[in-house]
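Note on naming: letters A, B, ... go to the chains in the order of the sequence lines (proteins, then strands), and numbering restarts at 1 for each one.
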Number of protein chains: 2
Amino acid sequence: MVRGNVRLADVARAAGVSQGTASNVFSRPEVVREEVRERVLKVARDLGYGGPDIKGRLLRAGRVNAIGVAAVEPLTYFFDDPWARTLMTAIGEVCDASGTGIAVVSAMNEERLAWNINSALVDGFILLCVEGGERLVELTRQRQLPFIALALGIEDETIPALGIDNICGAAAAARHLLELGHRNIAILSIGDVDGLVGQIAPERVDQEMDATPRDRIHGYWQALAEYGLSREAVPIEGTLHDRPSTLRAMEALFSSDTPPTAILAMSDKVAIYAMQWLTERGLKVPEDVSIIGFDGVPEAATSLPRLTTVAQPFAEIARRSVTAILENALPENHEALDLELVVRDSTAPPRAD
Amino acid sequence: MVRGNVRLADVARAAGVSQGTASNVFSRPEVVREEVRERVLKVARDLGYGGPDIKGRLLRAGRVNAIGVAAVEPLTYFFDDPWARTLMTAIGEVCDASGTGIAVVSAMNEERLAWNINSALVDGFILLCVEGGERLVELTRQRQLPFIALALGIEDETIPALGIDNICGAAAAARHLLELGHRNIAILSIGDVDGLVGQIAPERVDQEMDATPRDRIHGYWQALAEYGLSREAVPIEGTLHDRPSTLRAMEALFSSDTPPTAILAMSDKVAIYAMQWLTERGLKVPEDVSIIGFDGVPEAATSLPRLTTVAQPFAEIARRSVTAILENALPENHEALDLELVVRDSTAPPRAD
DNA sequence: TCCTTATTTTGAATCGATTCAAAATAAACG
DNA sequence: CGTTTATTTTGAATCGATTCAAAATAAGGA
């Protein structure tokens, strides 16, 4: 039951009509006389013709009606990382409305015959640039299709990109803890560089960190400074944005003489791991330790306790990106959207004692 | 910066070589003399030619290197439904290993120009048939591409399908509760028919239910019978597999004179909603009420308490499905894989009193 | 019946590459 | 230097449809 080798031309010949008419029967049935249409359809059925092959149509039409979402991550990333998943859900919503399909593309695999940036059959790309952004953009440029980069921390203004205001968002998070009265605060940072685990000295932030975590730290610092806290007074523990390194970071933070009363986590994922570590250690959130996340993924609303966080405008990001691709109206320069502080149950004033 | 309108033929002409040679420069560079290759590449660069257009190549080669995963659900389903997501993650893992791409396809949208089953550029389909299975299979058949149906509850043996042994799995779940000593048990069923919410009489199960929930109920009944419990003694509450209807079902169940001491939930998703309802009502799991889920999604391992469940062999399902599509070695008949009881913290013996 | 207008149908061109038998060129050898 | 063999290059056919100007046919009006 493999695809029959019957072509439109065969049907046309067998039905005694021109190929043009046969084509019309399938793609613009209203223009062909009913009697002819019926005959052609019958012949097609008899021959086992399954309708116009999409590949032929595509070559002519040039448009696929699908967008690719690419990241320098394995395919599993799109379905299990909370941030990616939330964004994909938002993108799915927009695509549903416009009848657009989604192809997920992993840019890790460079093999010739593999499905990758230059073989994906799509009308354009949305790039998730959390890591390896430059390379991803470079690869995509070659393809000469419209694309828009999300979460790109790159200065190059010629790249169409849509971002969030990490500095303001992070500052809002820190300010929230400070307003509650916390003064002994620690930062849980995220990154993919092995060197950036364990305690990170302030001067390394600008030298070694990717743009996104760097900006967030600057946002934190900004608010901390408003309350007279120096950079040195706030330890930064680096994680690899996964469970093991987060648990190790918590271990380090809480083996200090003066463990923090509040934690600024740079993602909800890390925040939730941290909460789990605290709960297992018998420390109560928010009574013993307050914690605030970043991103605003759905898990943050259902965790126990529900996580206070700074939410990204996922729906807005998705809407703008998809529209930009489909209408080929790419932003001329980098836009940064605002985040929103969402106060839930994981933050409270520090214990009186 | 739209895709340049430079074609391979233009490059060939400008470089003074035949189109065949130009093609070889890109797709089989080793056969063309270095000097010529360099010249052609230079010309290509100067003209702004971005390499062979994938659409042309496709038409010739016929193979896309991507599989489609389709469901009669919106696109968001693939990224936020726990079961779908877990399966997609498993499929992603297999595809990563073989350099295969994934396109997600919603079969809800029937519009002409929308991306759907017959316009998706893929080498084959994996169908998630939780609902509307027949229609989905029907649509896919027309496309004449290899496909395999998952979670299909259809008798038609001519459809290549891979399933799980719902009856045995459900029986194992029920047996677990019975062995713990529970005798007052309720079933939380799932479905998409509005008529099947609220209490469902046993005789309606065979008449109105889809195959998957029906089989699970039969599995439950089978184990219950082993312990002398009649069908009538075990209330079935129907849900639409979402939060509101699950909460309503719980409400109904626990407003009875003799509320259940244990719940057989037909999916982890519903089980988790039910646990939330119980927790909010001050009922402790598993001390006051035991609950067992179905599916074995990751959320079940991180919920509080961690959910006892019957786990599907997702990795195995994914491996077999993807291989079947890529190698066009579709199973001749329905296969049913075994499930595994995973005992965690949401089940315990009933209270002594 | 003849002319005009509306509706259908035709057939060749086109989309952008790959493929492969045959021709051309280069290298190797006695 | 002439043959034989190996390496490159050519050019036309092919993949499977859509498109559109032009031709054919049908319908309407006087």
On DNA chain D, more 5' by nearest nucleotide between B:Val31 and A:Leu8 is B:Val31

Taking the nucleotide of DNA chain C with the nearest heavy atom to each, does B:Ala61 or B:Arg33 sit closer to the 5' end? B:Ala61

Please report the C-alpha distance between A:Asp123 and A:Leu145 in whole Å, then the side-chain angles of each, then the deciding distance to 0.1 Å, and finally whether the side-chain contact (heavy atoms from CB on, under 4.5 Å) criterion is met. CA-CA 7 Å; A:Asp123 297 319; A:Leu145 281 180; over 6 Å; no

For the residue pair B:His241 and B:Asp192, establish whether any side-chain heavy-atom pair is separated by less than 4.5 Å. no

Do B:Leu128 and B:Trp83 come within less than 4.5 Å of each other through their side chains, counting heavy atoms only? yes

Could you check A:Ser106 against A:Asn116 for side-chain contact (heavy atoms from CB on, under 4.5 Å), going step by step and ending with a plain yes or no? CA-CA 6 Å; A:Ser106 162; A:Asn116 52 31; over 6 Å; no

For a 4.5 angstrom cut-off between non-hydrogen side-chain atoms, does B:Leu127 reach B:Leu150? no

Atom pairs under 3.5 Å: protein N/O with N/O of nucleotides 10-12 of chain D:
from, atom 1, to, atom 2, distance (Å)
D:dT10, OP2, B:Ser18, N, 2.8
D:dT10, OP2, B:Ser18, OG, 3.4
D:dT10, OP2, B:Thr21, OG1, 2.9

Rounded to whole Å, please give me the gap between CZ in B:Arg28 and P in C:dT19. 6 Å

So do the side chains of B:Ser119 and A:Asn65 get within less than 4.5 Å of each other, counting heavy atoms only? no

Of the options D:dT18, C:dT18, D:dC15, whose atoms approach the side-chain atoms of B:Ser23 most closely? C:dT18

Under 3.5 Å, N/O pairs linking protein and nucleotides 23-25 of chain D:
none

Euclidean distance, atom CG of residue B:Leu121 to atom C1' of D:dA17 [Å, nearest integer]: 13 Å

Strictly by modelled atom types, are A:Thr21 and A:Ser18 linked by a side-chain donor-acceptor pair under 3.5 Å? yes

Have B:Thr158 and B:Asp156 got a donor and an acceptor in their side chains that come within less than 3.5 Å? yes

Quick check: do A:Leu75 and A:Phe78 have side-chain heavy atoms less than 4.5 Å from each other? yes

Is the phosphate of C:dG16 approached by B:Tyr49 (side-chain N or O, under 4.0 Å from OP1 or OP2)? no

Taking the side chain as every heavy atom from C-beta outward, state whether A:Ile54 and B:Leu121 have any atom pair closer than 4.5 Å. yes

Divergence of helical axes at both termini of the helix from C:dT1-D:dA30 to C:dG30-D:dC1 - five pairs an end, 10° steps: 40°

Distance-only donor-acceptor test (3.5 Å): side chain A:Arg57, base D:dT18: no

Let's go through B:Thr212 and B:Val130 carefully: what are the C-alpha distance in whole Å and the side-chain angles of both, what is the deciding distance for side-chain contact (heavy atoms from CB on, under 4.5 Å) to 0.1 Å, and is it a yes or a no? CA-CA 8 Å; B:Thr212 298; B:Val130 275; over 6 Å; no

